[in-house]
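Have a look at the structure below, then the notes.
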Amino acid sequence: MPVAAADRGYLRRANNKIKTIVHKVKYIARPTAQLVCRTLDYDDVLIAQKQLKNHRQWIDSSIESEFAKKFSQWNQSKYAFPFLSGRASLSACIFALGLMPGDEVIVPGFTCIVVPNAFDFAQVKVVYCDIELETYGLDVEEIKKHITPKTKAILLHHLFGLVCRDYMAIIELARRNNLYVIEDCAHSTGAFYKGTRVGNYGDLAFYSSELSKIFNTIQGGVVTTNDSFLAKGLSRFYEHAPYPDFERIENQLHNVIVNYYRFKHPLRNHLGIKYELRYKDKIYDSTTEEEIMGIKPKDYGCKMPAAISLLAINQLSKIDYYNRKRRQAAKRWDAWCVGMGYQKPKVVEHSAPVFLRYPILVDEEKKRDLSWSTKNPKITPGRWFLTNLHPVKRVVPGCPNADKAVRQCINFPTLL
Ligand SMILES: Cc1ncc(COP(=O)(O)O)c(C=O)c1O
C-alpha cells in the first residue's frame, strides 16, 4: 500500500530524530575516558572564561616568560622554554643539539608516534631499542647493541610517571660514548631522583601539559636544560617559533571548560554532556590524522601564548598537591596488586615517581577484554599503548619486551 505524503514526512522526521539520538549516544560513549586529566578545577575554568572575553591579552611575552621562569624554578632547571606541545618541545631539542639528516638517535620501541615523528620531520634516523618490563624504560644493555658511529643521542623516557630503571646507567653510557641524552618527561613532570627533579640529569628534557598528563593546559609543553650553550639553541628556536592562530587558542580555552564539566565537576554526569554537546565542534584531538600518517601539521611547533601560559601558571601551582594524591593512590594500587598476585611497577631506589598511571602486566586476554575490571577493582584500566608507536600500527622489529608490553600492559588511574 503506498505511503501517504504526510506519513512520509512523519517517518522522515522520526528517522532523523533516531539518527540524532544514535549520534549523541555514540558521541557520549566514545572512548575518551583514558584521555582524562583530573587536575582542572573551577579556578582554571574562571581563567579560561576570563581569557575568552579578553583577546587582547592572548599574546603577551611578559606572561609567557613568567611561566617559563616559574617552571624552571619549580623544576630546578636553569632554562625553560614553553611551547604548545611536548612534541614541539622535542623539536626544539633536536634543533638545539644540531642533529642533522642522517644522524641517528636511539628511541624506545614503546612510545607515542609523535616522538619518532619529531625526528622524522628533521630527517634524523630513529633507531628503535627494546625496553625493560619493570618501568617500561630503555634497557641499557639493549642500547649498547644499537650504538654506531652515526649515533648522536639517546632519548630515554620515564613512562607512566615512573623513574626509569636504567636512568643513571644510560646517562653514564651516553657520557662514555659522547652522546647527548634527551629525557622524555611527558609523563613524569615532578618526579624526583635523589632529590632532584627528573629531566635535570640528561642534556635536555621536555614535559607535556596535554590533557592526559600530569598538569593540563589541554595542549602544551616545556623544554628545559641546564646547559647555557644548548639554551642558546633553544632560545633561537623559540624566538623563531610562531604563535598559534586565535582560533586554536580559543578552541583550547573552550576545551578547558568542556573537560572540567565533563570529568571533574561534581554533577559531571549531567553538565558534562551538556557542555560537550555545546562545544562538540571544538573538542580537541591530541594527535591529528596528519600526524598519524607522519605528515607535519601546518601549526606544528608553536610557542605557548599568554592565554595558555596563565593556565599553565595556575596548573603549575597545583602539581605538587596532585602528585601527592597520585602517590597515595599508587600505595592503594600496591596493596591491590599484592592481594591479586600482580607484580607492582618498580620504584627505583632514591626515586619518587609521580604515577601518572599505575601500570601492570596482565594476561593478553585480560588486556583485550577489560570486562573483568568491573567486578574487581571496579575501575576500568587504560590500555596505552596498544601499539609500539601508539596509535600507529607499525612493526618495530627486535623489541620483544615492547611487544609484550603492547599485548599485556594496562594501567590504572591515580586520580579519580
Ligand atoms: C611518551 C610520550 N612522549 C611524548 C608525548 C608528546 O607530548 P604532547 O602530546 O604534549 O606533544 C606523549 C604524548 O602523548 C607521550 O605519551
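We count ligands from 1, going down the list as the structure has it; atoms in each ligand are counted the same way.
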Is Ser85 touching ligand 1 with its side chain, its backbone, both, or neither, if touching means heavy atoms under 4.0 Å apart? both
Any chance you could measure Phe67, atom CZ, to Lys70, atom NZ, to the nearest 0.5 Å? 10.5 Å
Restricting to heavy atoms, the pick from Leu356, Leu211, Leu90, Val114 nearest atom 6 (C) of ligand 1 would be Val114
Out of curiosity, is Gly220 lining ligand 1, as in a heavy atom under 4.0 Å away? yes
Ligand 1-proximal atoms of His187, by part, heavy-atom distance under 4.0 Å: side chain
Is the positively charged end of Arg357 above the ring of Trp333, judged by distance under 6.0 angstrom from the centroid and angle within 45° of the axis? no
Under 3.5 Å donor-acceptor, Thr387 side chain and His390 backbone: yes
Has Glu183 got a side-chain atom pairing as donor or acceptor with Gly202's backbone, closer than 3.5 angstrom? yes
Which of the atoms in ligand 1, numbered in the order shown and given with their element, are less than 4.0 Å from a heavy-atom of Glu210? 9 (O), 10 (O)
Just distances here: any N/O of Ser208 and N/O of ligand 1 closer than 3.5 Å? yes
Pair Glu291 + Arg87, salt bridge at N-O below 4.0 Å: yes
Backbone or side-chain N or O of Lys213 under 3.5 Å from ligand 1 N or O: yes
Can you list the atoms of ligand 1 that are under 4.0 Å from a heavy atom of Ala186? 2 (C), 3 (N), 4 (C), 5 (C)
At a non-hydrogen distance cut-off of under 4.0 Å, which region of Leu159 contacts ligand 1 (side chain, backbone, both, or neither)? side chain
Could you identify the single nearest non-hydrogen protein atom to atom 8 (P) of ligand 1 and state the distance to 0.1 Å? Gly86 N, 3.4 Å
Has the side chain of Ser309 got a donor or acceptor atom that lies under 3.5 Å from a matching backbone atom of Pro305? yes
From the candidates Val222, Ile218, Asp184, the one that places a heavy atom nearest atom 3 (N) of ligand 1: Asp184
Backbone of Asp299 reached by a side-chain donor or acceptor of Arg248 within 3.5 Å: yes
Closest protein heavy atom to atom 11 (O) of ligand 1, given as residue, atom name and distance to 0.1 Å: Arg87 NE, 2.6 Å
May I ask you to check if Lys125 and Phe119 form a cation-pi contact, with NZ or CZ under 6.0 angstrom from the six-membered ring centre and within 45° of the axis? no
Suppose I only count heavy atoms of Val115 and a 4.0 Å limit; which atoms of ligand 1 are within that range? 3 (N), 4 (C)
Go through the steps for Phe110 and Tyr128 under the test side-chain contact (heavy atoms from CB on, under 4.5 Å), then give the verdict. CA-CA 9 Å; Phe110 185 62; Tyr128 292 105; over 6 Å; no
